[in-house]
Novice: 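Before I ask anything, here is the structure I am working with.
Below, chain A is the first sequence line, B the second, and so on; all start at residue 1.
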Amino acid sequence: MIARASQLFLPTLRDAPADADAASHQLLMRGGFIRQMGAGLWSFLPLGWRVHEKIEQIIREEIDAIGGQEMRCPTLTPAELWETTGRIDVPILFHLSDSGGRPFVLSWTHEESMTFLARELQSYKELPQVWYHFSTKDRDEPRPRGGLLRLREFVMKDSYTFDADMAGLDAAFDRHEKAYTRIFERVGLDAYLVEAESGVMGGKSSLGFLAPTGSGENELMRCENGDYFADAEAARGAPQPPELPSPLDAPELVDTPGVGTIEGLAEFLGIAESATSKALPVVTGDRVVLALVRGDDRLSPEKLETFFEGAFRPATDEEIRASFGAGGGSLGPVGVGIEVIADEALREGQFVAGANEDGKHLRGVQAGRDYEPTFADIRQAKDGDACPECGGTLRIQTAIEVGHIFKLGTFHSQAFGATFLDEDGREKPLVMGSYGIGLARTMAAIVEQCHDEHGIVWPRSVAPYDVHVVALPGAGEIALQAAEALSATGLDVLLDDRDQRAGEKFADADLIGCPVRITAGKRSLEDGKVDVRDRASGDEKRLDVAELGKEA
RNA sequence: CGGGACGUAGCUCAGCCUGGUUAGAGCGCCCGCUUUGGGAGCGGGAGGCCGGCAGUUCGAAUCUGCCCGUCCCGACCA
């Protein structure tokens, strides 16, 4: 197939729009792949859609390979569907109504639709089932951003598995994990499987695939030795050892007038921040609890939520006064009548803590001797922490979450009464999993990872065209011959037959990023050949048109 | 939803502080000439509800208020 640039809608830009920040946003705009319609709403232009479809086809092949059955559910759904699971109240839902005033919802995911259909499964003999579709998701995101990084409307491949028991779910989950790994390999993406938070999806277990990039909303924690990967929010890193002063036999009260921060406290006492402890009073349910982390650490809200198995909020000033008899800057664990959750980093050693008396702190406070906490890992892992696997150094990197897989269990099937009769004749709820990949996001992640100062460097598997043939003045005929020879071998060819100068055509070719560029011009014409250049390496060689077929 | 910034030609921006006839530049676009292997040159031309509404004023792109939109940073997620 040959596409002529002179007739393509391919509006390349010399400058990136001023509000484009992420590399993928800039390059996809400049290369004429996408255009914006509104916040988080983007059109895919012909080249952009070709890439999107190539990604889609790779996903399709891999999900088919694990037994997936492609189907299609609507995006527009009756509101009752969401009342069944109670997810009608999810804030990112777009609500609308038809002309008769009946309430509808734009689907932001399809557990409800798929489970609704799964009510037709009746017997264990029909299990397992793997259903998937590519469908439009609409989400009233509080903050779309970064071009394709976070959209309000996007196409997702989402699959749903239905099994008779947990063992079946485990197997389905495992197959998806492997399929996803192959998908990201095939599209040329460097992505890592990490433990993730399941968020509003609920469910028992969830893993995310993080692709390290220059721009993104997630952070990948990885060991320099390559044996540990995690979402930074959930990462288990061992902190650097604290710098502690000599221990005391008993806590010692010190005046710390006007000191309200850890930084100020460490400076006032002439000690390291790691020798202090930070007390964070929170409220979960109806009880006030004191969370305690080392002074140089930050509390991980996600980990604390996991510990509580529920949400929490910071205590108000009134609640703090009532529970501690002191203000926010001088709180500590000694002698308080409430539960103390201390981070593991505080298990050994003595730390400075608030004295629960305004303007006073205690030196030499030791867990187990001066207070009895419940220990838990509630600190945020930091760059430079020690790897929990090998003790190596952990590094944090910006990343994009391109895929997410969940073990849902029976939450949705119970809500919908989606049950089956098992071998033992008993009615049981289907055991479900769900698995999603955002196509546009994957595309953005690829660009983030595959570009240089001149433009995009598409992996072969997803490039809009396999070869970009540049016809320079006087060489139109040989360029066309080259394009036809390549096309005959089954390659997709972009033929730049526009009436433009060489420099502009080369700049566009670099920007668009097809893997191979072929130039026909006066220079090559002298010996009846064309120049073949590799986009990634820049290597160039002169070949006869007749040789092109073989090279391909 | 909290914080910050921005909105003038297709794109990048100037003008606004200190209000004053016809609102500018570069790039892009159209026509002509010249040029032709890394975004050329010359000449001519088209293109603007200065985000919207209201107010102040003899007079508003410029000052004030409200609204809308977009981007960035935080609480959320493929």
Side-chain angles (χ1 to χ4, degrees), chain A residues 11-22 25-26 29-30 32 35-41 55 59 90-92 108-110 134-159 180 191 196-201 206-211 215-218 231 233 301-302 311 313-314 399-406 434-445 454-455 470-475 498-511 517 519-526 530-531 533 538 540 542:
Chain A
T12 57
L13 301 174
R14 186 187 293 240
D15 302 308
D19 53 17
D21 197 37
H25 183 184
Q26 294 187 4
M29 274 294 295
R30 288 186 53 211
R35 286 294 185 267
Q36 185 166 26
M37 307 301 289
L41 300 172
I55 294 170
I59 296 171
V90 171
I92 61 174
W108 60 287
T109 177
H110 278 84
F134 294 92
S135 77
T136 304
K137 306 290 187 264
D138 289 277
R139 298 183 178 183
D140 191 1
E141 289 288 351
R143 196 183 153 200
R145 70 188 97 176
L148 261 30
L149 254 35
R150 182 175 204 75
L151 298 169
R152 290 203 288 182
E153 180 173 288
F154 61 98
V155 174
M156 179 158 84
K157 184 292 297 176
D158 40 327
S159 9
Y180 273 38
E197 298 296 323
S198 42
V200 280
M201 286 299 203
S206 84
L207 299 177
F209 285 83
L210 291 190
S215 297
E217 308 189 278
N218 294 74
D231 190 307
E233 286 180 355
E302 296 80 13
R313 60 171 174 80
I400 298 174
E401 189 181 54
V402 288
H404 207 147
I405 57 182
F406 299 90
S434 82
Y435 319 83
I437 296 180
L439 305 219
R441 191 125 115 182
T442 298
M443 182 168 158
H454 300 294
V470 174
L472 296 181
R498 296 173 304 163
D499 184 20
Q500 299 290 349
R501 299 175 61 82
E504 185 170 345
K505 292 191 175 194
F506 290 149
D508 275 349
D510 287 345
L511 187 56
R517 185 186 83 194
T519 307
K522 268 196 184 126
R523 271 189 214 163
S524 61
L525 217 49
E526 288 164 9
V530 292
D531 290 320
R533 182 187 176 96
E540 190 157 328
R542 185 154 293 178

Novice: Nearest nucleotide by nearest heavy atom, which residue falls closer to the 5' end of RNA chain B, Leu151(A) or Ala520(A)?
Specialist: Ala520(A)
Novice: Using the P atom as the reference point in each nucleotide, state the distance between rG59(B) and rG15(B) in Å, no decimals.
Specialist: 26 Å
Novice: Work out how far the C1' atom of rG28(B) is from that of rU12(B), and round it to whole angstrom.
Specialist: 11 Å
Novice: Nearest whole angstrom, please: distance from the P of rG69(B) to the CE of Met37(A).
Specialist: 16 Å
Novice: Write out a two-atom table: protein N or O, nucleotide N or O from nucleotides 5-13 of chain B, distance below 3.5 Å.
Specialist:
| unit_1 | atom_1 | unit_2 | atom_2 | d |
| --- | --- | --- | --- | --- |
| rU12(B) | OP1 | Ala18(A) | N | 2.6 |

Novice: For the atom pair CZ (Arg533(A)) and CZ (Arg542(A)), what is the distance rounded to the nearest 0.5 Å?
Specialist: 13.0 Å
Novice: Is there a stack between Phe154(A) and rA78(B), judged by ring centres under 5.5 Å and planes under 30°?
Specialist: yes
Novice: I'd like the P distance from rC42(B) over to rA61(B), given in whole Å.
Specialist: 34 Å
Novice: Can you check the His110(A) NE2 to rA78(B) P distance for me, whole Å?
Specialist: 15 Å
Novice: Indicate yes or no: at least one non-hydrogen side-chain atom of Arg441(A) is less than 4.5 angstrom from one of Met156(A).
Specialist: no
Novice: Could you give the distance separating rG3(B) and rU62(B) at their P atoms, to the nearest angstrom?
Specialist: 26 Å
Novice: When rounded to the nearest Å, what value does the distance between C1' atoms of rU8(B) and rC49(B) take?
Specialist: 12 Å
Novice: The side chain of Arg441(A) is closest to which nucleotide in this list: rA78(B), rA75(B), rC71(B)?
Specialist: rA78(B)
Novice: What residues, two or more places apart in sequence or in another chain, satisfy ring-ring contact (aromatic ring centres under 6.0 Å, His included) together with Phe209(A)?
Specialist: Tyr180(A), Phe184(A)
Novice: Under the 3.5 Å rule, do the base of rG4(B) and the side chain of Arg143(A) count as making a donor-acceptor pair?
Specialist: no
Novice: Using the C1' atom on both, measure rC76(B) against rC30(B) and round to a whole Å.
Specialist: 49 Å
Novice: Starting at the 5' end of RNA chain B and moving along, which residue's nearest nucleotide shows up first, Asn218(A) or Ala502(A)?
Specialist: Ala502(A)
Novice: Measure NZ/Lys522(A) against C1'/rG38(B) and give the value in whole Å, please.
Specialist: 16 Å
Novice: Identify all stems in which RNA chain B takes part, counting only runs of at least 3 consecutive pairs (Watson-Crick or G-U wobble, each distance under 3.5 Å), and give each as one range with another, ordered by first number.
Specialist: B:1-7 with B:68-74, B:10-13 with B:24-27, B:29-33 with B:41-45, B:51-55 with B:63-67
Novice: Tell me: NE2 of His404(A) to C1' of rC76(B), nearest whole Å?
Specialist: 13 Å
Novice: Between rG38(B) atom P and Arg517(A) atom CZ, what is the distance in whole Å?
Specialist: 10 Å
Novice: The criterion is salt bridge (charged side-chain N to carboxylate O under 4.0 Å, His left out); which residues satisfy it with Arg145(A), sequence neighbours excluded?
Specialist: Glu217(A)
Novice: Is the terminal nitrogen or CZ of Arg517(A) (NZ for Lys, CZ for Arg) located under 6.0 angstrom from the six-membered ring centre of Phe506(A) and within 45° of that ring's axis?
Specialist: yes
Novice: Please report the distance separating the P of rA60(B) from the corresponding atom of rG19(B), rounded so that it comes out in whole Å.
Specialist: 13 Å
Novice: Once salt bridge (charged side-chain N to carboxylate O under 4.0 Å, His left out) is applied, do any residues pair with Lys505(A), and if so which ones, sequence neighbours excluded?
Specialist: Asp496(A)
Novice: Report yes or no: do Ser524(A) and Asp531(A) form a side-chain donor-acceptor pair below 3.5 Å?
Specialist: no
Novice: Is there any protein nitrogen or oxygen under 3.5 Å from a nitrogen or oxygen in nucleotides 40-48 of chain B, and what are the pairs?
Specialist:
| unit_1 | atom_1 | unit_2 | atom_2 | d |
| --- | --- | --- | --- | --- |
| rA40(B) | OP2 | Arg501(A) | NE | 3.1 |
| rA40(B) | N7 | Arg501(A) | NH1 | 3.2 |

Novice: Does any non-hydrogen side-chain atom of Leu472(A) lie less than 4.5 Å from one of Thr519(A)?
Specialist: yes
Novice: Given 3.5 Å as the limit, does a donor-acceptor pair link the side chain of Glu141(A) with the main chain of Arg143(A), or not?
Specialist: no
Novice: Report the nucleotide, chosen from rG39(B), rG38(B), rC76(B), that has the shortest atom-to-atom distance to any side-chain atom of Arg150(A).
Specialist: rC76(B)
Novice: With rounding to whole Å, what would you report as the distance between rG65(B) and rG4(B) at their P atoms?
Specialist: 15 Å
